[in-house]
Student: 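Pasting a structure below so you can have a look.
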Amino acid sequence: MPDEQVSKEQEIYAQRLEKAQKWRDAGFNPYGNGYTPRHLAGEIGTRHEGQSAEELEKAGPPTYDVAGRIILLRSFGKMAFLKLRDRTGELQVQLKKDVLGEGYELLKHLDAGDFVAAEGPLIRTKTGELTIVAQRFTPLTKSLLPLPEKWHGLTDVEVRYRQRYLDLVANPEVKDVFLKRNRLVRYIREFLDARGFIEVETPMMHPLVSGAAARPFVTHHNALDIDLFMRIAPELYLKRLVVGGLERVYEINRNFRNEGISTRHNPEFTMLEFYQAYATYEDLMDLTEEMISGAARAVTGDTKVVYQGQELDFSKGWKRVSMADAIREKVPSLAPEDFQDAEKLRAVALEKMHVQAERTAAMTMNAGELMGVLFEQHAEGTLVQPTFITHFPTAVSPLARRNDEHPEITDRFELFVAGREIANAFSELNDPLDQKGRFLAQLEAKQRGQAETMDYDEDYIRALEHGLPPTAGEGIGIDRLAMLFTDAPSIRDVILFPLLKPLPR
RNA sequence: GGGAGCGUAGCUCAACUGGCAGAGCAAUGGACUCUUAAUCCAUAGGUUGUGGGUUCGAUUCCCUCCGCUCUCACCA
């Protein structure tokens with residue numbers, strides 16, 4: 001590294017190291033520990049919100065002791081204002097030479113980004129801002145790197161995701177997103193706990209690929225010398241627990257799918273899955289309305305939520321439409337009986353397929369699979385308001401119970417909002433012989449070249465043979481729900497550390 | 001993986017048709033005891049993502065590679 005060519009960042013770094021030394025010279029460890037502030041910025045602000053300068057003065061100004069990061073620093077020679085931020089809010093601190101005496105010299109060695117503590121009486125300044133006049137001032141942690149610019153903040157999305165800590169400092173609204181996400185998850189836990197569900201944790205590393213149609217990550221255990229799959233879904237484990245008598249269980253945890261990344265897909269994402277014995281998929285539609293409309297209110301304050309410019313109404317009474325009807329609404333040429341006719345469905349599906357690989361795959365699909373394709377092609381994206389789509393083909397529902405009247409469809413629904421799948425639920429298939437056949441059909445689909453298929457899970461069949469009570473289960477994508485409630489255009493905005501390609505070196 | 005776009009100072013952004021790389025904030029030195037993007041004076045800060053090519057001359061045009069964004073495919 002050439003000595004003459006010192007970058008700006010290195011220059012600031014060196015300057016700040018020197019300032020840290022000045023702290024030490026003044027008797028303060030720039031990386032010390034053990035200071036416990038007695039008050040919080042936000043609480044002070046709330047408590048004295050309505051009080052004028054005179055009222056504060058008359059009552060005898062209360063003394064407060066706060067600590068936080070300096071996010072703004074303005075010096076006027078013999079006086080300076082700092083703005084401190086802690087976890088509850090921001091508060092201005094005034095440093096005065098005539099109050100602090102020698103201690104005021106430390107000001108020269110402060111930067112925006114440093115952590116400090118200040119103690120003193122609370123006043124209102126001439127411009128009306130609540131301000132602690134520091135009588136005691138304690139530097140706590142020296143920051144060696146400069147903060148992003150105060151006015152424009154940090155907008156480079158790559159830096160925002162890679163260095164989320166900087167994003168949180170520079171863009172306070174980011175914190176609100178994750179507070180809302182936290183409120184969402186807490187609401188769901190309280191909702192399910194109140195209904196007698198118990199929260200469990202099932203394996204993340206699976207010997208088999210099961211529970212969903214997706215490509216897995218493969219990992220290896222050294223001591224056992226076996227390959228394992230990062231789970232794509234917890235489904236089969238949770239249902240084993242229902243077999244064991246845990247009649248209402250849920251898990252909120254990560255799933256991993258080795259697929260593309262987009263504004264709606266992160267390789268690891270958070271799913272709620274819950275299972276309720278003696279319930280049907282129709283019961284779960286009611287429960288889902290209750291839970292999600294309640295969550296909308298708990299998180300945003302209203303059941304009407306504006307997402308990317310369009311109002312979504314989560315008030316109960318959502319539309320319930322069969323998949324066939326949803327397709328027929330967009331493709332009127334299809335008659336109800338056509339959904340048994342693979343050739344007819346294929347002809348319609350091919351109209352919208354232009355990639356050769358896609359067309360080739362369509363050639364071997366059966367009627368049920370083609371119906372799924374047609375739904376995605378024509379209907380899915382148009383479902384803006386919360387809508388339950390029901391009666392999924394059995395061919396694309398390997399774990400769902402067949403409908404009693406129509407065995408080619410299942411007792412299943414998915415919830416769509418803003419054109420996206422948010423939830424997937426069904427009455428569980430608890431007939432072990434039928435389940436065997438469905439697993440075999442998955443193997444057959446794999447033979448045909450479908451990459452996303454489930455393995456045959458012998459132990460799961462054995463569990464079913466011991467008896468799974470009539471049960472309904474559901475999975476809800478927490479990240480996507482969080483997107484809707486925080487008006488986030490990208491899933492990366494609701495995941496603290498989304499997966500990015502590592503930078504070279 | 002395909003397509004489109006982007007990458008300039010620590011941050012936010014300029015630089016016309018190819019002609020001396022600039023501003024604001026941040027930084028440094030100075031003035032200032034009530035600021036709210038404080039103000040004023042001065043100073044410093046760059047291998048224009050990387051590597052190559054065209055050209056008298058490249059931030060600008062072409063190609064390689066790296067990263068990001070959007071989009072299609074896959075999926076939730």
Side-chain angles (χ1 to χ4, degrees), chain A residues 2 5-16 18-19 53 71-83 90 92-99 104 108 111-113 123-129 131 133 144-162 166 169-170 211-215 232-233 255-273 353-358 361 372 376 380 414-416 420-424 450-452 475-481 483 489-492 498 500-505:
Chain A
Q5 299 249 331
V6 179
S7 76
K8 190 69 203 174
E9 200 174 9
Q10 290 169 311
E11 188 187 317
I12 290 173
Y13 195 91
Q15 286 164 358
R16 293 197 176 191
E18 280 175 36
K19 290 175 177 177
I71 55 165
L72 209 77
L73 191 156
R74 296 191 189 95
S75 167
F76 294 85
K78 298 185 180 65
M79 183 272 284
F81 290 111
L82 321 175
K83 185 155 281 186
E90 297 171 1
Q92 184 164 266
V93 172
Q94 188 179 28
L95 305 184
K96 299 172 85 169
K97 187 167 186 175
D98 56 7
V99 175
Y104 189 76
K108 278 197 293 208
D111 291 289
I123 61 151
R124 261 188 205 281
T125 61
K126 285 175 188 168
T127 48
E129 180 151 356
T131 301
V133 182
L144 299 178
L145 294 171
L147 284 179
E149 201 221 21
K150 62 185 171 190
W151 185 239
H152 296 95
L154 183 67
T155 60
D156 183 325
V157 288
E158 184 179 351
V159 179
R160 288 186 48 216
Y161 297 145
R162 285 192 196 281
L166 271 188
V169 173
R215 284 155 69 182
I232 57 173
N255 288 344
F256 307 86
R257 298 190 184 175
N258 205 341
E259 284 155 359
I261 296 175
S262 77
T263 48
R264 290 180 284 282
H265 304 265
N266 194 61
E268 52 178 308
F269 63 102
T270 302
M271 277 268 283
L272 159 69
E273 280 203 17
M353 291 182 167
H354 307 295
V355 180
Q356 194 49 50
E358 212 182 352
E376 283 167 23
E380 177 169 359
E414 285 191 356
L415 170 65
F416 291 86
R420 300 160 191 185
E421 182 186 340
I422 298 296
N424 175 21
Q450 284 194 17
E452 297 84 16
I476 296 181
I478 296 297
D479 312 271
R480 288 191 175 174
L481 207 50
M483 286 171 72
S490 169
I491 198 168
R492 286 179 286 256
L500 297 180
K501 218 168 179 175
L503 293 172
R505 282 199 324 146

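Only heavy atoms go into these numbers, but all of them, side chains included; no hydrogens, no water, no symmetry mates. Naming convention: chains lettered A, B, ... in sequence-line order (proteins, then strands); numbering from 1 in each chain.
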Student: Measure across A:Met271 and A:Gly475 and return the closest heavy-atom pair with its distance rounded to 0.1 Å.
Tutor: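 Between these two residues, the closest heavy atoms are CE-CA, 4.0 Å.
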Student: Select one nucleotide: of B:U33, B:G10, B:C74, the one nearest the side-chain heavy atoms of A:Phe76.
Tutor: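 Looking only at heavy atoms from C-beta outward on A:Phe76, the closest nucleotide is B:U33.
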Student: Determine whether any donor atom in the side chain of A:Glu11 lies under 3.5 Å from an acceptor atom in the base of B:U28, or the reverse, and answer yes or no.
Tutor: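 A donor-acceptor contact between them is absent.
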Student: Rounding to the closest angstrom, what is the interatomic distance between B:C11 and B:A37 at atom C1'?
Tutor: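 Rounded to whole Å, the distance is 14 Å.
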Student: Between atom CZ in A:Arg257 and atom C1' in B:A76, what is the gap in whole Å?
Tutor: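 So the CZ-C1' distance, A:Arg257 to B:A76, works out to 6 Å.
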Student: Measuring only the C1' atom in each nucleotide, how far is B:U39 from B:C32? A whole number of Å is fine.
Tutor: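 After rounding to an integer number of Å, I get 9 Å for this pair.
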Student: P atom, B:C6 versus B:G46: distance in rounded Å?
Tutor: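 Per the computed distance, 27 Å lies between those P atoms.
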Student: Any strand counts, and the cut-off is 3.5 Å on both contacts for Watson-Crick or G-U wobble. Which nucleotide pairs with B:C25?
Tutor: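 B:C25 is paired, partner B:G10.
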Student: Hey, is the side chain of A:Lys96 poking within less than 4.0 Å of OP1 or OP2 on B:U35, counting only N and O atoms?
Tutor: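 Answer is no, no contact under 4.0 Å.
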Student: Is A:Thr125 near enough to B:U35 that one of its side-chain N or O atoms lies under 4.0 angstrom from OP1 or OP2?
Tutor: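 A:Thr125 to B:U35 OP1/OP2: no side-chain N or O under 4.0 Å.
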Student: For A:Pro148 versus A:Leu166, what's the shortest heavy-atom pair and its separation?
Tutor: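 It is CD-CD2, 3.7 Å.
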Student: Heavy atoms under 4.0 Å, any strand shown: does A:Gln15 hit a base, just sugar-phosphate, or nothing?
Tutor: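 It contacts sugar-phosphate atoms only.
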Student: Ring of A:Phe81 versus six-membered ring of B:U35: centres under 5.5 Å and planes under 30°?
Tutor: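 A:Phe81 ring centre within cut-off of B:U35 base, planes near parallel; stacks.
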Student: Can you tell me, in whole Å, how much space there is between the C1' of B:G49 and that of B:A26?
Tutor: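 After rounding to an integer number of Å, I get 23 Å for this pair.
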Student: Now, which nucleotide makes the Watson-Crick or G-U wobble pair with B:G1, with each of the two distances under 3.5 Å?
Tutor: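 Per the H-bond distance test, B:C72.
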Student: Is A:Phe269 stacked on the base of B:A76 when the test is centres under 5.5 angstrom and planes under 30 degrees?
Tutor: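 Check passed, A:Phe269 stacks on base of B:A76.
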Student: Quick one: which of B:A76, B:A27, B:C13 gets closest to the side chain of A:Lys19?
Tutor: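 Given the options B:A76, B:A27, B:C13, the side chain of A:Lys19 is closest to B:A27.
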Student: In the strands shown, is B:G57 matched to any nucleotide by a Watson-Crick or G-U wobble pair with both distances under 3.5 Å, and which?
Tutor: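 Result: none.
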Student: Across the strands shown, which category fits A:Gly475 at heavy-atom distances under 4.0 angstrom: base, sugar-phosphate, nothing?
Tutor: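 Nothing, no nucleic acid heavy atom in range.
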Student: Once you round to the nearest 0.5 Å, how far does NZ of A:Lys501 lie from CZ of A:Arg162?
Tutor: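 That separation rounds to 10.0 Å.
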Student: Could you measure between the two P atoms, the one in B:C16 and the one in B:G7, and give it in whole Å?
Tutor: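 One P to the other, the span is 13 Å.
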Student: Of the nucleotides B:A76, B:U28, B:A26, which has the atom closest to the A:Pro146 side chain?
Tutor: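 From the listed options, B:A26 comes nearest.
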Student: For A:Asp111 and B:G10, what is the distance between atoms CG and P respectively, to the nearest whole Å?
Tutor: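 Those two atoms, CG and P, are 17 Å apart.
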Student: For the side chain of A:Lys126, counting heavy atoms from C-beta on, which of B:C34, B:U12, B:A76 is nearest?
Tutor: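 The closest nucleotide is B:C34.
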Student: For side chain to side chain contact (heavy atoms under 4.5 Å, CB included), just list the numbers for A:Arg492 and A:Val157, CA-CA rounded to whole Å, side-chain angles, deciding distance to a tenth of an Å, and then say yes or no.
Tutor: CA-CA 10 Å; A:Arg492 286 179 286 256; A:Val157 288; over 6 Å; no
Student: Starting from the 5' end of RNA chain B, give me the residue, A:Gly153 or A:Lys97, whose nearest nucleotide shows up first.
Tutor: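 That would be A:Gly153.
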Student: What is the separation between atom CG on A:Leu82 and atom C1' on B:U35, rounded to the nearest whole Å?
Tutor: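 One finds 12 Å between C1' of B:U35 and CG of A:Leu82, rounded.
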Student: When all nucleic acid strands are considered with a 4.0 Å heavy-atom cut-off, which category describes A:Asn266: base, sugar-phosphate, or nothing?
Tutor: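 A:Asn266: base contact, heavy atoms under 4.0 Å.
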Student: Could you work out the separation of B:A14 and B:C25 based on their C1' atoms and round it to a whole Å?
Tutor: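 It comes out at 15 Å once rounded to the nearest Å.
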Student: Using atom names, set out every protein N or O paired with an N or O of nucleotides 68-72 of chain B below 3.5 Å, distance rounded to 0.1 Å.
Tutor:
from  : atom 1 : to       : atom 2 : distance (Å)
B:C68 : OP1    : A:Lys501 : N      : 2.8
B:C68 : O4'    : A:Glu158 : OE1    : 3.0
B:U69 : OP1    : A:Arg492 : NE     : 3.2
B:C70 : OP2    : A:Arg492 : NH2    : 2.5
B:U71 : OP2    : A:Thr263 : OG1    : 3.4

Student: Pick the C1' atom in B:U55 and in B:G18, then give their distance to the nearest Å.
Tutor: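 That atom pair is separated by 9 Å.
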Student: What is the minimum heavy-atom distance between A:Lys96 and A:Val133, and which atoms define it?
Tutor: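 Residues A:Lys96 and A:Val133, closest heavy atoms: CD-CG1, 3.8 Å.
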Student: Pick the C1' atom in B:C74 and in B:G2, then give their distance to the nearest Å.
Tutor: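 Their C1' atoms lie roughly 13 Å apart.
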Student: Round to a whole Å and report the spacing from NE2 of A:His152 to P of B:A9.
Tutor: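 To the nearest whole Å, that distance equals 15 Å.
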Student: Applying side-chain hydrogen bond (donor to acceptor under 3.5 Å, both in side chains), can you list everything that pairs with A:Thr155, at least two apart in sequence or on another chain?
Tutor: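 Result, side-chain hydrogen bond (donor to acceptor under 3.5 Å, both in side chains) vs A:Thr155: none returned.
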Student: The test is side chain to side chain contact (heavy atoms under 4.5 Å, CB included); show your working for A:Lys83 and A:Lys150 and say whether it passes.
Tutor: CA-CA 12 Å; A:Lys83 185 155 281 186; A:Lys150 62 185 171 190; over 6 Å; no
Student: Report which part of the nucleic acid A:Glu259 touches: base, sugar-phosphate, or nothing (heavy-atom distance under 4.0 Å, all strands).
Tutor: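 If one applies the 4.0 Å heavy-atom cut-off, A:Glu259 turns out to touch a base.
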Student: Does a nitrogen or oxygen in the side chain of A:Lys150 sit under 4.0 Å from OP1 or OP2 of B:A26?
Tutor: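 The answer is yes; a side-chain N or O of A:Lys150 sits under 4.0 Å from OP1 or OP2.
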Student: Considering every strand shown, what is the Watson-Crick or G-U wobble mate of B:G45 when both distances are under 3.5 Å?
Tutor: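 Here B:G45 is not engaged in any pair, so there is no nucleotide opposite it.
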Student: Base, sugar-phosphate or nothing for A:Ala213? Non-hydrogen atoms, less than 4.0 Å.
Tutor: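 Here A:Ala213 touches the backbone only, sparing every base.
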Student: Name all pairs fulfilling the salt bridge (charged side-chain N to carboxylate O under 4.0 Å, His left out) condition that reach into residues 256-266 of chain A, sequence neighbours left out, sorted by first residue then second.
Tutor: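 Sorted result for residues 256-266 of chain A: empty, none.
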Student: To the nearest angstrom, how far is A:Lys108 atom NZ from B:G29 atom C1'?
Tutor: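 One finds 11 Å between C1' of B:G29 and NZ of A:Lys108, rounded.
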Student: Using a cut-off of 4.0 Å on non-hydrogen atoms, how would the nucleic acid contact of A:Leu72 be classed: base, sugar-phosphate, or nothing?
Tutor: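 Result for A:Leu72 = sugar-phosphate.
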Student: Looking only at the side chain of A:Arg480 (C-beta and beyond, no hydrogens), which of the listed nucleotides B:C32, B:A76, B:A37 gets closest?
Tutor: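 Nearest nucleotide to the side chain: B:A76.
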Student: How far apart are the closest heavy atoms of A:Tyr104 and A:Ala80, and which atoms are they?
Tutor: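 Nearest heavy atoms, A:Tyr104 then A:Ala80: OH-N, 3.7 Å.
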Student: Looking only at non-hydrogen atoms, find the nearest pair between A:Thr125 and A:Gln92 and report the distance.
Tutor: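 Nearest heavy atoms, A:Thr125 then A:Gln92: CG2-NE2, 3.8 Å.
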Student: Of the non-hydrogen atoms in A:Thr270 and A:Asp479, which two are nearest, and what is the gap between them?
Tutor: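 Shortest heavy-atom contact: N-OD2, 2.7 Å.
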Student: Without decimals, in angstroms, what is the distance between A:Gln92 CD and B:C34 P?
Tutor: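 For the pair A:Gln92 CD and B:C34 P, the rounded distance is 12 Å.
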Student: What is the distance, rounded to the nearest whole Å, between atom CG of A:Leu154 and atom C1' of B:C13?
Tutor: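 Value for this atom pair: 14 Å.
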Student: Could you state the CE-P distance from A:Met79 to B:C32, rounded to the nearest angstrom?
Tutor: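 One finds 13 Å between P of B:C32 and CE of A:Met79, rounded.
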Student: Assign A:Gly477 to base, sugar-phosphate, or nothing according to its heavy-atom contacts below 4.0 angstrom with the strands shown.
Tutor: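 Nothing, no heavy atom under 4.0 Å.
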